[in-house]
Structure formats: C-alpha cells, structure tokens
Chemist: 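So that we are looking at the same thing, I have put the structure below in structure tokens.
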Amino acid sequence: MSSDPSYAVDITALIPVYNEEENLGPLLEKLTADLKALGRPYEILVVDDGSSDATLERLRELHRVVPHLGAISFRRNFGKSAALSVGFHEARGRYIVTMDGDLQDDSAEIGPLLEKIEEGYDLVSGWKQKRKDPITKTIPSKLFNAVTSSMSGVRLHDMNCGLKAYRSEVVKSVKLRGELHRFIPILADWNGFRVGEIRTVHHPRLHGKTKFGAARFVNGFLDLLAVMFLTTS
Ligand code: UDP
Ligand code: MG
C-alpha cells in the first residue's frame, strides 16, 4: 500500500474518550507500537468528550511525549457521536480507524482492517465474535444486531463495534446527530459505500466503567426507527 500525496498521512487513529484516565496511557503506548509496526505515516487524534476525571490532564501530559498525537477537548460531555463527528472533520488521513479508549479494542487489528479495505471496501467494521462483556450486555446486543441487520438490509454482526476502518470519503460524508454512531454502517451504505466486516478480538474492560447503561437499548431502537426513516425512500 503506497501513501497518497493528497492526504497529509496514511492513517488517522481516532479515539473518543470520556473518563478513561487509567486507560489513556497504556492505550497510546500500545497504539503507537502497533502503528509504527505498519511503517506508514500516521496521526493519532484523541477527542476528550468533557471528561470529569483526570483524562484531560493525562492527555495534556501525553501530548508532550507521544509522537503525532493531536488532541481535542470538549467543555462538557456531548456524547460519542459528537466526539467522532469532530474527529471525522479534523482527520487528515487517507484512512481513518476508530477505536474505543477503554482498551477493549486491540490496535493490532488495524493492519487486518486496512487490508480488507484495500480489497475494495469503503468501511470495514470489527466483529467482536467473542465479546468480553457481561451477559446483560451481550444478549440485548445480539438482539439489537439481528433486528438492525434485518430491518436495514446491511448484513453486519456487530453494527456498533467501536473498532472500524474507513476511507476518508466515508467519514467526510456521514452526518452524525444524536447517538447515530451506532448506525454509521447503515448511513454509509445509504450513501453508496461498500461495507464489510472482519472478526476482531475483544478484551474485558479492566479500568473505568461503561458509559452506556440499559437506556442504550431503548434509545438504540428509537434511533433505529429514525435511521430507517432517514434511509428508506
Ligand atoms: N465515550 C465518549 N463519550 C461518551 C460515552 C463514551 O467519548 O459520552 C467513549 C468511551 O470513553 C469509550 C467509547 O466511547 O472510549 C465506548 O464507550 P464504552 O466503553 O463506555 O461503551 P461500551 O464498550 O460499553 O459499549
Ligand atoms: Mg467499552
């Protein structure tokens, strides 16, 4: 894969973080090692979504020592969609790879995701086949994915996986309002982009807490209806 002169870098790794003070340091260390191993020009973009713990202080410290790290900070918590949206706007890479900031996603998967993109896809989603989350999350999530997939016709096993790779055109064209980050593949498919998936590993959350409680499933289904209205002619 050669680098394209029309982009400042080949890969932008984009990470939204909200109260991930203990995860940020180890995450950036591993991510940097994995990106260096790919041997292609990259940037890392961390969006602090109005954290109330020491995430922003950690980010300021890390900004001084981690190469190619850009940081954006929100004055308050706007939500994951808003954080991704701003990151999508600022990203300078030919490819954008999003990851959660909680060490549940593995940056060693960036290489395989980009290989799949190069096969001719515009968006490649991770599929956490062996999900390391409590059963209260895995079972509703399976149901959510089955309904979303059959209603939208976009055949993905894990629509809302935080780990995804995109061609730049996709992130520049997708408009995320509310909590629509859960449905990016449907919005991309609607815009005519080719969507694929690969199986990816998933790790348990060791530090900090999930930010999305049971309300996620209710809101998720309401958002699914909104997305279906938006994308059904
Ligand atoms: N996140 C965010 N803003 C929010 C909620 C979450 O930026 O309002 C980030 C969070 O820090 C993490 C990612 O989005 O990097 C996924 O969040 P979480 O791990 O809580 O979700 P889950 O894995 O439980 O679906
Ligand atoms: Mg998580």
Side-chain angles (χ1 to χ4, degrees), residues 12-31 44-59 62 69-91 96-107 109-110 125-145 148 156-164 171 176-185 200-221 223-224:
T12 299
L14 169 61
I15 306 142
V17 289
Y18 177 52
N19 293 347
E20 305 287 359
E21 59 185 2
E22 287 172 284
N23 293 318
L24 199 55
L27 171 85
L28 291 181
E29 194 177 324
K30 177 163 180 358
L31 176 60
I44 301 172
L45 193 50
V46 174
V47 182
D48 166 42
D49 183 15
S51 295
S52 53
D53 68 356
T55 297
L56 182 56
E57 287 75 14
R58 291 291 297 128
L59 186 55
L62 290 160
L69 173 61
I72 295 169
S73 169
F74 289 171
R75 218 177 297 280
R76 68 164 173 85
N77 179 234
F78 281 90
K80 188 176 177 183
S81 283
L84 286 174
S85 231
V86 168
F88 284 166
H89 186 261
E90 296 298 322
I96 288 82
V97 179
T98 59
M99 282 179 67
D100 284 353
D102 54 5
L103 292 171
Q104 291 201 258
D105 296 330
D106 196 317
S107 47
E109 305 279 10
I110 293 176
S125 182
W127 166 18
K128 307 179 289 279
Q129 202 182 15
K130 294 206 174 95
R131 191 167 174 176
K132 300 291 169 53
D133 278 321
I135 197 160
T136 47
K137 202 168 183 179
T138 52
I139 291 191
S141 169
K142 277 213 168 92
L143 177 67
F144 176 79
N145 275 304
T148 306
L156 288 187
H157 291 90
D158 193 2
M159 189 71 64
N160 185 23
C161 184
L163 183 60
K164 287 186 170 61
V171 307
L176 296 183
R177 305 151 89 235
E179 297 197 349
L180 294 195
H181 63 269
R182 296 196 179 97
F183 304 100
I184 297 176
T200 49
V201 294
H202 193 234
H203 303 294
R205 194 187 244 283
L206 298 179
H207 308 290
K209 286 189 294 224
T210 175
K211 312 303 179 302
F212 301 101
R216 77 167 71 203
F217 298 109
V218 179
N219 294 340
F221 279 112
D223 282 339
L224 173 61

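Each ligand, and each atom within it, is numbered from 1 in the order the structure gives. Residue numbers run from 1 in the order of the sequence given.
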Chemist: For atom 25 (O) of ligand 1, which protein heavy atom lies nearest, and how many Å away is it?
Modeler: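 In this structure, atom 25 (O) of ligand 1 has Arg216 NH1, 3.2 Å as its nearest protein heavy atom.
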Chemist: Run the numbers for me: atoms of ligand 1, each under 4.0 Å from some heavy atom of Glu20, listed by number.
Modeler: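 Heavy-atom distances to Glu20 below 4.0 Å select 10 (C), 11 (O), 12 (C), 15 (O).
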Chemist: Check step by step if side chain to side chain donor-acceptor pair (under 3.5 Å) holds for Arg177 and Ser81.
Modeler: CA-CA 7 Å; Arg177 305 151 89 235; Ser81 283; over 6 Å; no
Chemist: Identify whether NZ of Lys or CZ of Arg in Arg76 sits under 6.0 Å from the centre of the six-membered ring of Phe78 and within 45° of that ring's axis.
Modeler: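 The answer is yes, since Arg76 meets both limits relative to Phe78.
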Chemist: Hey, are Asp133 and Arg205 close enough for a salt bridge, meaning a charged N less than 4.0 Å from a carboxylate O?
Modeler: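 No salt bridge links Asp133 with Arg205.
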Chemist: For Arg205, take its heavy atoms, then give the atoms of ligand 1 lying under 4.0 Å from any of them.
Modeler: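 Close to Arg205: 18 (P), 19 (O), 20 (O).
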Chemist: Could you check Lys209, Arg58, Lys211, Lys80 and say which one makes a salt bridge (Lys or Arg N to Asp or Glu O under 4.0 Å) with Glu20?
Modeler: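 By the salt bridge (Lys or Arg N to Asp or Glu O under 4.0 Å) criterion, Glu20 pairs with just one of Lys209, Arg58, Lys211, Lys80: Lys211.
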Chemist: Have a look at Lys132, Lys211, Lys128 and point out the one with the heavy atom closest to atom 20 (O) of ligand 1.
Modeler: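 Checking each option, the heavy atom nearest atom 20 (O) of ligand 1 is found in Lys211.
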Chemist: Do Thr210 and Arg216 have side-chain N/O donor and acceptor atoms under 3.5 Å apart?
Modeler: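 Yes - a donor-acceptor pair under 3.5 Å links their side chains.
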Chemist: I'd like to know if Lys30 and Asp106 make a salt bridge, using a cut-off of under 4.0 Å between side-chain N and carboxylate O.
Modeler: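 The answer is yes: the pair qualifies as a salt bridge.
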Chemist: Determine whether Leu28 and Val46 make a side-chain contact, defined as any pair of heavy atoms from C-beta on separated by less than 4.5 Å.
Modeler: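 The answer is yes, as the side chains (C-beta and beyond) meet within the 4.5 Å cut-off.
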Chemist: Which of the numbered atoms in ligand 1 are under 4.0 angstrom from any heavy atom belonging to Gln104?
Modeler: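 It comes down to these atoms of ligand 1: 23 (O).
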Chemist: Look at the aromatic rings of Phe183 and Phe144 and report parallel, tilted or perpendicular, splitting at 30° and 60°.
Modeler: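 Ring orientation, 0 to 90° scale: tilted.
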Chemist: Any heavy atom of Met99 sitting closer than 4.0 Å to ligand 1?
Modeler: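 Met99 does not count as a contact of ligand 1 under the 4.0 Å cut-off.
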Chemist: Any side-chain heavy atom of Leu14 within less than 4.5 Å of one from Val97?
Modeler: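 Leu14 does not reach Val97 side chain to side chain.
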Chemist: Find all atoms of ligand 1 within a distance of less than 4.0 Å from any non-hydrogen atom belonging to Asp102, and give their numbers and elements.
Modeler: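 Taking each heavy atom of Asp102 in turn, ligand 1 has 19 (O), 23 (O) under 4.0 Å.
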Chemist: Starting at CD1 of Ile15, measure out to CG of Asn23 and round the result to the nearest 0.5 Å.
Modeler: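 These two atoms lie 11.5 Å from each other.
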Chemist: Among all protein non-hydrogen atoms, which one is nearest to atom 22 (P) of ligand 1, and what is the separation to 0.1 Å?
Modeler: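 Residue, atom and distance for the closest contact: Lys137 NZ, 3.5 Å.
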Chemist: With backbone taken as N, CA, C and O and side chain as the heavy atoms from C-beta onward, which portion of Lys80 lies under 4.0 Å from ligand 1: side chain, backbone, both, or neither?
Modeler: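 Near ligand 1, Lys80 shows its backbone as well as its side chain.
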Chemist: At what distance is the nearest protein heavy atom to atom 1 (N) of ligand 1, and which residue and atom is it?
Modeler: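 Ranking protein heavy atoms by distance from atom 1 (N) of ligand 1, first comes Tyr18 CB, 3.8 Å.
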Chemist: Kindly indicate whether the side chain of Leu156, heavy atoms from C-beta on, has any atom under 4.5 Å from the side chain of Asn145.
Modeler: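 No, every pair of side-chain atoms sits at 4.5 Å or beyond.
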Chemist: On a heavy-atom basis, I'd like to know which of Asp100, Val17, Leu84 is closest to atom 16 (C) of ligand 1.
Modeler: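 It is Asp100 that holds the nearest heavy atom.
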Chemist: Please give me the protein atoms (N, O or S only) lying under 2.8 Å from the Mg ion (ligand 2), ordered by chain and number.
Modeler: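 Listed by chain and number: Asp102 OD2, Gln104 OE1.
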Chemist: State whether Lys164 and Glu109 are salt-bridged, where the test is any N-O pair (Lys NZ or Arg NE/NH1/NH2 against Asp/Glu carboxylate O) under 4.0 Å.
Modeler: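 No, Lys164 and Glu109 are not salt-bridged.
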Chemist: Please say whether Arg131 places an N or O atom under 3.5 Å from an N or O atom belonging to ligand 1.
Modeler: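 The answer is no, given that Arg131 and ligand 1 share no N or O pair closer than 3.5 Å.
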Chemist: Can you check which of Gly101, Gly87, Gly79, Gly50 brings a heavy atom nearest to atom 15 (O) of ligand 1?
Modeler: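 That would be Gly101.
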Chemist: Relative to atom 3 (N) of ligand 1, which among Leu27, Asp49, Thr55 owns the nearest non-hydrogen atom?
Modeler: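 Selected option, by shortest heavy-atom distance: Asp49.
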Chemist: Any donor-acceptor pair under 3.5 Å linking the side-chain atoms of Asn77 with those of Asp49?
Modeler: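 The answer is yes; a qualifying pair exists.
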Chemist: With nothing but distance in play, are any N or O atoms of Pro16 less than 3.5 Å from an N or O of ligand 1?
Modeler: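 N/O-N/O distance under 3.5 Å: yes.
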Chemist: How does Asn77 reach ligand 1, by side chain, by backbone, by both or by neither, if only non-hydrogen atoms under 4.0 Å count?
Modeler: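 For Asn77, the contact with ligand 1 is made by the side chain alone.
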Chemist: Give the residue, atom name and distance (to 0.1 Å) of the protein heavy atom nearest atom 17 (O) of ligand 1.
Modeler: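 Atom 17 (O) of ligand 1 sits closest to the protein heavy atom Phe212 CE1, 3.7 Å.
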Chemist: Consider only side-chain N and O atoms of Ser51 and Asp48, and report whether a donor and an acceptor are under 3.5 Å apart.
Modeler: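 The answer is yes; a qualifying pair exists.
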